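Whatever order the structure lists ligands and atoms in, that order sets their numbers, starting from 1. Worth saying up front: this structure is predicted, and the values here are computed from it rather than measured.
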Amino acid sequence: MTILGIETSCDETSAAVIKNHQTLSNVISSQTVHNYFGGVVPEIASRIHIQIISKVVDDALKQGNVTIEEVDGIAVTYQPGLIGSLVVGTNYAKGISLRFNKPLIPIDHIEGHIYSGFLEGEDLSFPFISLIVSGGHTSLFLVRSFVEYEMIGATRDDAAGEAFDKIGKLLGLGYPAGPKIDKLSKMGNPNRFDFPRGLINSDDLDFSFSGLKTSVRYFLQKNYPNDIPEQDLYDLCASIQEAIVEVLVSKSLKAISKYRLNNIVIAGGVSANSRLRELSTETFSKFGVKVIIPKMQYCMDNAAMIALLGEFKLEESFGKTNFFNYKFKANPTPKRSANK
Ligand code: KG4
Ligand code: ZN
């Protein structure tokens, strides 16, 4: 089967072609203009999606060496995300589905991340734990099949990526600060400053990062009222990163032992973090647990994960589902579980 995927839930315009679970193309156009505003400006995001979506889709088809006529279905992200951005992708997909008479498969963005471990033929089997860490989400899922999963833990306040970005702003690093903190940490000492690890000892699988942000704010006000010397900045970055990563890995390990599983998928923008990749691989290998962290282009927001899940859904429910029902609407809010 050949599936065209379209993803426009936030500030990446992406289109991809998946054939028989293999990626033929995955075009991602990131909107860097938001860096000037210290965060994503929804109105600007949707306008840029409108300007470039047809070009991105054409590029994905060209790079995949397929024509729209050869496509068996169109998968599109319809929730959650910025409403204006979602509207652009869903309506574009509805338009080409009608014009070329192709089944249309609405996909939940978070589900796309949850199942992204299957990209590039990863050897992954159900059930498994999925840790989704991005600028908008930090959640743990118990995943039983393509149609059955439940959220078993989530952040009570900020997402991990949001913590990286907000703390980075306090450090004067601009937006998005996650990749910069990652880079500067390599020159710093992670043990120099002791920042709080929110909820690390709680029995549940929840996260909290707002205390860390507040603690860093007061620490900077007290100790660095003017400039931060270079080495101190590196040490601060490394210590803050360590605090975030340790909690993510510790809670994931708790989930793995609670449900007695031996597979974990870590995905979402923050899974690009080099220390998270290192510590999770190191920790889980000690317990014989397989960690799957998709390649960078599949960790950030991308249409390949949307197309792949679209293909699985089309294969599983063809004949049972009406894939020509255009009544579904773009929806900004996330859901917590899926059951058959
Ligand atoms: O999944 P994503 O591309 O977009 C959504 O938020 O849905 O994730 C973006 C987030 C941002 O908060 C960014 O700072 C963070 O991922 N991020 C990182 C790294 N690369 C991206 N955080 C820490 N280390 C990184 N290397
Ligand atoms: Zn995402």
Side-chain angles (χ1 to χ4, degrees), residues 5-14 16 26 28-32 34-35 37-42 45 77-82 85-86 89 107-117 119 130-139 141 155 158-171 173-186 188 190 207 209 212-213 237-249 265-280 293-306 309 332-334:
I6 297 176
E7 154 68 40
T8 63
S9 65
C10 191
D11 58 341
E12 260 90 29
T13 316
S14 181
N26 185 31
I28 305 170
S29 173
S30 297
Q31 305 177 359
T32 48
H34 302 288
N35 301 1
F37 302 97
V40 179
V41 184
T77 305
Y78 79 108
Q79 69 176 20
L82 299 172
S85 293
L86 289 165
I107 301 286
D108 181 285
H109 176 83
I110 302 301
E111 288 185 11
H113 279 305
I114 289 175
Y115 297 102
S116 61
L119 281 160
S130 209
L131 169 69
I132 305 303
V133 260
S134 70
H137 306 274
T138 298
S139 311
F141 294 91
T155 182
D158 293 347
E162 196 179 352
F164 271 113
D165 293 340
K166 286 181 175 169
I167 293 171
K169 208 170 181 176
L170 299 175
L171 295 169
L173 298 178
Y175 173 88
K180 286 181 196 153
I181 293 182
D182 189 354
K183 197 171 158 205
L184 300 182
S185 295
K186 293 191 197 308
F207 302 90
F209 296 103
L212 171 65
K213 181 185 63 192
C237 284
S239 304
I240 291 159
Q241 175 176 273
E242 200 65 15
I244 296 175
V245 167
E246 258 185 47
V247 181
L248 291 173
V249 174
V265 175
I266 305 181
V270 179
S271 63
N273 184 271
S274 55
R275 181 62 185 143
L276 177 59
R277 287 176 172 250
E278 184 184 67
L279 188 65
S280 54
I293 309 179
K295 273 191 200 155
M296 226 63 115
Q297 60 157 322
Y298 302 134
C299 285
M300 59 193 297
D301 287 349
N302 69 88
M305 65 183 190
I306 303 302
L309 189 53
T333 50

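- In this structure, CG on Asp108 lies 8.5 Å from CG on Leu309, to the nearest 0.5 angstrom.
- Residue nearest to atom 17 (N) of ligand 1, selected from Ser274, Gly168, Gly269: Gly269 (by heavy-atom distance).
- In this comparison of Gly136, Ala163, Gly81, Gly178, the heavy atom closest to atom 22 (N) of ligand 1 sits on Gly178.
- Distance check for Cys10 against the Zn ion (ligand 2): none of its N/O/S atoms falls below 2.8 Å.
- Contact record, Cys237 with Ile181: O-CG2, 3.8 Å, taken as the closest heavy-atom pair.
- Ligand 1 has an N or O atom lying under 3.5 Å from an N or O atom of Asp165, backbone or side chain.
- In terms of polar-atom proximity, Phe164 is not counted as a contact of ligand 1, lacking any N or O under 3.5 Å from an N or O of the ligand.
- Between Pro190 and Arg275 there is no side-chain heavy-atom pair separated by less than 4.5 Å.
- Residue contacts with ligand 1 for Asp182 involve side-chain atoms from C-beta outward but no N, CA, C or O (heavy atoms, distance under 4.0 Å).
- Using a 4.0 angstrom heavy-atom cutoff, Cys10 does not count as in contact with ligand 1.
- Gln79 and Leu86 get closest at one heavy-atom pair: N-CD2, 3.9 Å.
- Note that the CD1 atom of Ile6 and the OG1 atom of Thr13 stand 11.0 Å from one another [nearest 0.5 Å].
- Looking only at its N/O/S atoms, Asp301 has OD1 as the one nearest to the Zn ion (ligand 2).
- The nearest pair of heavy atoms linking Ala160 to Ile244 is CB-CG2, 4.2 Å.
- By the 3.5 Å distance cut-off applied to N or O atoms, Gly161 is counted among the residues near ligand 1.
- For the pairing with Arg277, the side-chain contact (heavy atoms from CB on, under 4.5 Å) check across Val245, Ile266, Ile293 returns one residue only, Ile293.
- Heavy-atom contacts of Pro176 reach the following atoms of ligand 1: 14 (O) (cutoff under 4.0 Å).
- Close approach to Ala272 involves these atoms of ligand 1, each under 4.0 Å from a residue heavy atom: 20 (N), 26 (N).
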